[in-house]
**Student:** 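Before anything else, here's the structure in question.
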Amino acid sequence: MPYILVRGNLAAYGQRYPWRVLVSGLKAGDIEQLNRFASGGYCDDCTIVYMQHPCVILTALEVLGYKVVASSSTSVKQDYNEYMWTMRKEFAEPEPVVSLQKASRDHLPAGEEERNLVGINMEIPASLLMSSGSYAYIAVKASIHASDSAVFGLNDDEIKALVKRFSDYKKEVVNGVLLKASPIEVVNALGQLGYRVVATTGETEVTWTMQRDV
């Protein structure tokens with residue numbers, strides 16, 4: 001997965017646990033590299049929690065090769081202290097598939113269940129491999145906690161590729177399609193089709209604007 005999401009509070013919420021940063025989409029090797037930071041374990045299958053200020057985690061992720069490509073507020077109940085950063089890591093060669101081997105979690109609390117993040121390559125239609133020098137834009141809209149995501153602006157070949165990638169499930173919505181996958185999964189799948197995040201906006205629901213050469 002070339003894209004990850006980082007969410008956290010910029011100002012402290014208290015003295016005991018002042019900061020809580022959630023990172024979604026990390027590979028096992030990246031998690032190993034971050035094991036010097038105190039962790040609160042996992043909050044879902046692809047999200048790990050770090051008890052650090054977000055700037056510390058963002059800096060560490062940049063050392064690992066990730067770059068911030070977009071950011072936005074994710075305020076809930078008028079709490080404007082929460083922010084989200086979308087980060088991308090460039091690969092010199094086609095993105096590797098993550099193995100099923102478990103990464104060491106010695107730094108996690110005792111009894112914490114170990115989980116794995118598995119990268120899945122998808123079939124890319126031949127029509128999407130050609131470039132004419134112009135650009136196409138699409139939008140992905142979802143709550144950062146959701147298990148489904150709406151995508152707008154896809155062509156037929158792109159829809160077929162994504163539906164096949166995500167268990168042959170889709171639901172038509174106005175001007176788009178609803179996929180049974182979290183936004184980080186959808187954004188990364190679109191990354192395999194050649195799209196790049198160029199902007200984000202939103203709070204409870206976030207919209208990612210993505211661009212690719214056509």
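What you see is a predicted model, and the numbers here were worked out from it, not measured in a lab.
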**Student:** Looking only at heavy atoms, which two atoms of P183 and S149 are closest? And how far apart?
**Tutor:**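 The answer is N-OG, 3.1 Å.
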**Student:** Check G191 against Y3 and note the closest heavy-atom contact, atom names and distance.
**Tutor:**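 Closest pair (atom of G191, atom of Y3, distance): CA-CE1, 4.4 Å.
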**Student:** When you compare the side chain of V21 with that of R7, does any pair of heavy atoms fall below 4.5 Å?
**Tutor:** no
**Student:** Could you tell me which residues satisfy side chain to side chain donor-acceptor pair (under 3.5 Å) with T86, sequence neighbours excluded, listed by chain and number?
**Tutor:** W208
**Student:** Check ring pair (Phe, Tyr, Trp, His ring centres under 6.0 Å) between W19 and all other residues, then give those that pass, not counting sequence neighbours.
**Tutor:**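 In terms of ring pair (Phe, Tyr, Trp, His ring centres under 6.0 Å), with neighbours along the sequence ignored, W19 is linked to H53.
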**Student:** Can you sort out the partners of E62 under side chain to side chain contact (heavy atoms under 4.5 Å, CB included), two or more places apart, ordered by chain and number?
**Tutor:** K67
**Student:** Tell me, please, which residues at least two apart from K171 pass salt bridge (charged side-chain N to carboxylate O under 4.0 Å, His left out).
**Tutor:**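 Checked K171 against salt bridge (charged side-chain N to carboxylate O under 4.0 Å, His left out); zero matches.
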**Student:** Between I138 and V151, is a side chain to side chain contact (heavy atoms under 4.5 Å, CB included) present by the stated rule, with each step listed?
**Tutor:** CA-CA 7 Å; I138 62 170; V151 189; 4.3 Å; yes
**Student:** If we only count heavy atoms from C-beta on, is the V198 to V69 side-chain gap below 4.5 Å?
**Tutor:**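 In short, these two side chains do not touch, never coming nearer than 4.5 Å.
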**Student:** Rounded to the nearest 0.5 Å, how far apart are CG of L193 and CD of E158?
**Tutor:**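 The CG atom of L193 sits 6.0 Å away from the CD atom of E158.
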**Student:** Heavy atoms, side chains only, cut-off 4.5 Å: are V68 and V6 in contact?
**Tutor:** no
**Student:** Any salt bridge (charged side-chain N to carboxylate O under 4.0 Å, His left out) pairs touching residues 10-22, not counting sequence neighbours?
**Tutor:**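 Matches after skipping sequence neighbours: none remain.
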**Student:** Mind checking side chain to side chain donor-acceptor pair (under 3.5 Å) for Q15 and listing every partner two or more places apart, or none if nothing turns up?
**Tutor:** none
**Student:** Determine, using the 4.5 Å side-chain heavy-atom cutoff (strictly less than), whether L26 and F37 are members of one ILVMFWY cluster.
**Tutor:** yes
**Student:** Looking at side-chain heavy atoms only, is the closest gap between V187 and Y195 below 4.5 Å?
**Tutor:** no
**Student:** Enter the distance from M87:CE to I57:CD1 here, rounded to the nearest 0.5 Å.
**Tutor:**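 Here the rounded value is 10.5 Å.
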**Student:** May I ask you to test the V140-V197 pair for a side-chain heavy-atom distance under 4.5 Å?
**Tutor:**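 Not in contact.
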**Student:** So, taking the atom named CG in D213 and the one named CZ in R196, what distance separates them when rounded to the nearest 0.5 Å?
**Tutor:** 8.5 Å
**Student:** Check for a donor-acceptor pair, side chain of T47 on one end and backbone N or O of C43 on the other, with a separation under 3.5 Å.
**Tutor:**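 No; zero donor-acceptor contacts below 3.5 Å.
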**Student:** Do L10 and V56 land in one hydrophobic cluster if side-chain heavy atoms of ILVMFWY residues count as linked below 4.5 Å?
**Tutor:**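 Hydrophobic grouping puts L10 with V56.
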**Student:** Identify the two heavy atoms, one from S72 and one from G202, that lie closest to each other, and give their separation to 0.1 Å.
**Tutor:**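 The answer is OG-O, 3.9 Å.
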**Student:** Taking atom OG of S147 and atom CG of D45, what is their separation to the nearest 0.5 Å?
**Tutor:** 11.5 Å
**Student:** Does R88 have any salt bridge (charged side-chain N to carboxylate O under 4.0 Å, His left out) partners at least two apart in sequence or in another chain, and if so, which?
**Tutor:** E90
**Student:** Looking at Y169, is its backbone amide N or carbonyl O close enough to the side chain of S167 to form a donor-acceptor pair, meaning the two atoms are under 3.5 Å apart?
**Tutor:**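 No; judged by distance alone, with no hydrogens or angles, the pair does not exist.
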**Student:** Where the side chain of S71 meets the backbone of M84, is there a donor-acceptor pair that is under 3.5 Å apart?
**Tutor:**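 Side chain of S71 to backbone of M84: no pair is present.
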**Student:** So, taking the atom named CD1 in I4 and the one named CG in L64, what distance separates them when rounded to the nearest 0.5 Å?
**Tutor:** 8.5 Å
**Student:** Any link between I48 and Y83 through a network of hydrophobic side chains (Ile, Leu, Val, Met, Phe, Trp, Tyr) touching at under 4.5 Å?
**Tutor:**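 In one cluster: yes.
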**Student:** With sequence neighbours left out, what residues match K160 under salt bridge (charged side-chain N to carboxylate O under 4.0 Å, His left out)?
**Tutor:** none
**Student:** Decide whether D30 and Y66 meet the rule of one side-chain donor and one side-chain acceptor closer than 3.5 Å.
**Tutor:**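 Distance-only check passes for D30 and Y66.
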**Student:** Rounded at 0.5 Å granularity, tell me how far CG in L22 sits from OH in Y50.
**Tutor:**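 So the gap between those two atoms works out to 11.0 Å.
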**Student:** Within a strict 4.5 Å, meaning less than it, do heavy atoms of the L58 and W85 side chains meet?
**Tutor:**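 Sidechains of W85 and L58: in contact.
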**Student:** Going only through I, L, V, M, F, W and Y residues with side-chain contacts under 4.5 Å, is there a path from V177 to V186?
**Tutor:** yes
**Student:** Kindly write out the residues that satisfy side chain to side chain contact (heavy atoms under 4.5 Å, CB included) with D148, not counting sequence neighbours, or none if the list is empty.
**Tutor:** A146, L178, K180
**Student:** If I compare all heavy atoms of G8 with all of P54, which pair ends up nearest, and what's the gap?
**Tutor:**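 Result for this residue pair: C-CG, 4.4 Å.
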**Student:** Would you say the side-chain atoms of S39 pair up with the backbone N or O of V49, donor to acceptor, closer than 3.5 Å?
**Tutor:** yes
**Student:** Going by side chain to side chain contact (heavy atoms under 4.5 Å, CB included), name the residues that satisfy it together with S182, two or more places apart in sequence or in a different chain.
**Tutor:**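 S182 satisfies side chain to side chain contact (heavy atoms under 4.5 Å, CB included) with I184, E185 once adjacent residues are dropped.
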**Student:** Going by heavy atoms in the side chains, are L162 and L190 under 4.5 Å from each other?
**Tutor:** yes
**Student:** Sequence neighbours excluded, which residues qualify as side chain to side chain donor-acceptor pair (under 3.5 Å) partners of Q211?
**Tutor:** Y137
**Student:** Is the shortest heavy-atom distance from the side chain of S143 to the side chain of V206 under 4.5 Å?
**Tutor:**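 SC-SC contact between S143 and V206 ruled out.
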**Student:** Mind checking side chain to side chain contact (heavy atoms under 4.5 Å, CB included) for T207 and listing every partner two or more places apart, or none if nothing turns up?
**Tutor:** A139, K141, T201
